[in-house]
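Working notes, structure below.
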Number of protein chains: 2
Amino acid sequence: MHDTESRADEALDRAFMALADPVRRGIIARLSRGEATVNELAEPFSISVQAVSKHIQVLEAAGLVTRTRDAQRRPVHLAPEALERLTSWIDGYRLAHEQRFRRLDAIVQGPAAARTRTASSENETTNTNNAKKEKKS
Amino acid sequence: MHDTESRADEALDRAFMALADPVRRGIIARLSRGEATVNELAEPFSISVQAVSKHIQVLEAAGLVTRTRDAQRRPVHLAPEALERLTSWIDGYRLAHEQRFRRLDAIVQGPAAARTRTASSENETTNTNNAKKEKKS
DNA sequence: GCATTATTCAACCTATCTGTTGATCAACGT
DNA sequence: ACGTTGATCAACAGATAGGTTGAATAATGC
């Protein structure tokens, strides 16, 4: 089963999993327009307030939102840094893939052009996370 | 009850859910360096090939990878457009949120003291990008 | 044809997710 | 002090995700 999983992996697990639900994405969308309480966030949905409260706990555990205190209300706020980490992770591999294609094109279109890869190795290490340490055994 | 969920939502569900697993993210990472077969993709992991095959089906259903045929092998390829759609979704709300804060800062810092917010919302002022630089009058 | 290789299908088990209802806690307002 | 409001906790149920093993499909190479 899930024996050993690094901290960075678990953080990405929670963050992506948190976004894999339309209710939670709706909450993110709402919060992008400003903070809101649990009851306010629950209003557009046809589920119980308790269910929304759980969703918010999932988002909070994923670091995607934070909470403050205002009397008996607990306003929820967006945490855009966490969202930025997700786009960074995705873009790391997406851009690496596209750049690899650019190199392939260079190779196909001429042997001399393939050597331009050595000069343009800037984006090869832009991954924010480990790409090779996925083994558990 | 998930009876009322649009097609776009379901696509995002599948895509984010697909990335919410370290094995599948490892597959994505591997594919960013070039196509690979199921057995090749399974090698770094301590799970069965069947399990990896299922993971690839999940990624394929999410549109994150495509497959071709080469004799009895079925090479898997990255589909960077789908990844790009995800970053677009995230960035949409992230940037909307940051822009909203820029407007708030402009309003608060316009007349006089901004103490009202800056003391009670420290985590919100930690914008990752060059905020506070722009000012919209 | 037949064994081999690559991959998938099928059945199953278990853990986790998402929702429910009912009770509880905490901070107001009067 | 007391009832109300906002939010969470607890216990439960149904669905599904992710893993296993064993059998089946499909293309390859003798």
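Here is the naming used below: chain letters follow the sequence lines, and residue numbers restart at 1 for every chain.
- Among the nucleotides C:dT5, D:dG18, C:dT7, the one closest to any side-chain atom of B:Gln72 is C:dT5.
- Side-chain proximity of B:Asp21 to the nucleotides C:dT7, D:dA7, D:dG18 is greatest for D:dG18.
- If you check every strand for non-hydrogen atoms under 4.0 Å, B:Gln57 touches sugar and phosphate atoms only.
- Spacing between atom CZ of A:Phe45 and atom C1' of C:dT20 amounts to 18 Å, rounded to whole angstrom units.
- Distances from the side chain of B:Lys54 to the nucleotides C:dA6, D:dT21, C:dA11 place C:dA11 closest.
- Look at CE on B:Met17: it is 10 Å from C1' on C:dT16, rounded to the nearest Å.
- A salt bridge links B:Glu98 with B:Arg94: the closest approach of a Lys/Arg side-chain nitrogen to an acidic carboxylate oxygen falls below 4.0 angstrom.
- Between the side chain of A:Gln50 and the base of C:dG22 there is at least one donor-acceptor pair of N/O atoms closer than 3.5 Å.
- In this structure, the CZ atom of B:Arg25 is 11 Å from the P atom of D:dG18, given to the nearest Å.
- B:His55 has its NE2 atom 14 Å from the C1' atom of D:dT16, to the nearest Å.
- Between B:Arg25 and A:Asp9 there is a side-chain heavy-atom pair separated by less than 4.5 Å.
- Rounded to whole angstrom, the span from the CG atom of B:Asn39 across to the C1' atom of D:dA27 amounts to 14 Å.
- Between B:Leu86 and B:Leu12 the shortest side-chain heavy-atom distance falls below 4.5 Å.
- One atom, CG of B:Asp70, and another, P of C:dT7, lie 10 Å apart when rounded to the nearest Å.
- When distances run from any side-chain atom of B:Ile47 to the nucleotides D:dG18, D:dT20, C:dC28, the shortest one goes to D:dT20.
- In this structure, B:Glu60 and A:Arg24 both approach DNA chain C, and ranking their closest nucleotides by distance from the 5' end singles out B:Glu60.
- To the nearest 0.5 Å, atoms CG (A:Asp91) and CD (A:Glu84) are separated by 9.0 Å.
- The nearest whole Å value for the distance from the CZ atom in B:Arg73 to the C1' atom in C:dT5 is 8 Å.
- Residues A:Met17 and B:Met17 meet the side-chain proximity criterion, which asks for heavy atoms closer than 4.5 Å.
- Nearest to the side-chain atoms of B:Ala51 among the listed nucleotides C:dT5, D:dT8, D:dT20 stands D:dT20.
- At whole-Å resolution of the value, CZ in A:Arg67 and C1' in D:dG6 are 11 Å apart.
- Counting distance only, with no hydrogens placed and no angle test, the side-chain atoms of A:Glu40 and the base atoms of D:dG6 include no donor-acceptor pair under 3.5 Å.
- Remark: A:Ser48 is not in phosphate contact with C:dG19, judged by side-chain N or O atoms under 4.0 Å from OP1 or OP2.
- Which of C:dT8, D:dG19, C:dG19 sits closest to the side chain of B:Ser53 comes down to C:dT8.
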